[in-house]
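Lettering of chains follows the sequences in order, A, B, ..., and the numbering in each one begins at 1.
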There are 2 protein chains.
Amino acid sequence: MQPPLPRPPQDRLDAVFAALADPTRRAILSMLLEDDMAVTDVAAPFAMSLAAISKHLGILAQAGLISQEKRGRVKWCKLEPDALREASVWMQAFGQFEPVNLDAFERFLERDLATDFPADPPPD
Amino acid sequence: MQPPLPRPPQDRLDAVFAALADPTRRAILSMLLEDDMAVTDVAAPFAMSLAAISKHLGILAQAGLISQEKRGRVKWCKLEPDALREASVWMQAFGQFEPVNLDAFERFLERDLATDFPADPPPD
DNA sequence: TTCATGTTCAACCATCCGGTTGACCATGCC
DNA sequence: GGCATGGTCAACCGGATGGTTGAACATGAA
């Protein structure tokens, strides 16, 4: 299992927000807020299969929101606040856009938009 | 007319995060940061059909991230930062990171704009 | 070795999502 | 009225998502 390849920041934002869009995954994150947990223990309170929870954890890990470390036959899951911080900062900047740091904000947006802005609509 | 929120806040978070998970929609939000826009003008820079953009705007509106008001035959779209703030508050529960400070934002920018960022947090 | 535990894999299924196209409705202008 | 413009609707399509089940793999215990 190789670590996820570095992705452009807009893809990382995609992954983080998509991961957060599911209530089960948000619940898992809140559980991990208290302590690291094994996969089976994460799954316990949910009314779905272990395999399903395993998939959810994979998605959270892919988004960088958690890390997983296998010790013995138990795989431990740990909250990784950094990815959340990025997205949180993105949102805060949006939610309270003061004139303050608009320069920096625009540089950031430029980067975020870079790939999906054609910026050159085909002439008709 | 039924005012907003027939649905629990859980679903609202679902909608907000899901809406933010798409780069086109984040791009639209950033455009609306500068000024209110008509649907056609929103669609202009994108290499996709007007109908597709219209759908994206519908999703953003459903999530409460924008509002739409029809004046004449033009439908104006306006950023609604409140929904963002709500989700932002949710996220702050997770970082023990301090409440809203743009210092964090600047640090993020520095890291994000660096030419290449570390692939993954090194395992400990 | 054998067995139980922890976790993932593979195949499958139903539904959702993002996009297209073409028809359609609404409005403003000549 | 007639027509161009602004925008949505409906049907469709391919691919992603969220769940299931059963088999398989990995490790620790007896």
OG-NZ distance between S49(B) and K55(B), expressed to the nearest 0.5 angstrom: 8.0 Å
To the nearest angstrom, how far is L50(A) atom CG from dG22(D) atom C1'? 13 Å
Rounded to whole angstroms, how far apart are CZ on R25(A) and C1' on dG19(D)? 12 Å
OP1 or OP2 of dT8(C) less than 4.0 angstrom from a side-chain nitrogen or oxygen of K55(A), does that happen here? no
Roughly how far apart are D36(A) CG and K78(A) NZ, rounded to 0.5 Å? 6.0 Å
Please figure out whether I59(A) or G72(A) has its closest DNA chain D nucleotide nearer the 5' end. I59(A)
Heavy atoms under 4.0 Å, any strand shown: does A18(A) hit a base, just sugar-phosphate, or nothing? nothing
Do any N or O atoms from the side chain of R25(A) and from the backbone of L20(A) form a donor-acceptor pair under 3.5 angstrom? no
If only side-chain N and O atoms of R73(B) are considered, is one of them under 4.0 Å from the OP1 or OP2 phosphate oxygen of dC29(C)? no
For DNA chain D, whose closest nucleotide is more 5', that of R71(A) or that of H56(A)? H56(A)
Expressed as a whole number of angstroms, how long is the span from M37(B):CE to dG6(D):C1'? 14 Å
Think S49(B) has a side-chain N or O under 4.0 angstrom from the OP1 or OP2 of dT20(C)? yes
If I compare all heavy atoms of L65(A) with all of A19(A), which pair ends up nearest, and what's the gap? CD1-CB, 3.7 Å
Rounded off to whole Å, could you give me the CD1-to-P distance for the I53(A) and dC9(C) pair? 16 Å
Roughly how far, to the nearest 0.5 Å, is the CH2 atom of W76(A) from the CE atom of M37(A)? 8.5 Å
If I take atom CG in residue L57(B) and atom P in nucleotide dC9(D), what distance separates them, rounded to the nearest angstrom? 12 Å
May I ask you to say what A51(A) touches in the nucleic acid, namely base, sugar-phosphate or nothing, with a heavy-atom cut-off under 4.0 Å? base
Grab the NZ-C1' distance between K75(A) and dA26(D) for me, whole Å please. 12 Å
Return the value, rounded to whole Å, for the distance between atom CE of M48(A) and atom P of dT8(C). 15 Å
When rounded to whole Å, the CG to P distance for the pair D14(A) and dG18(C) reads 11 Å
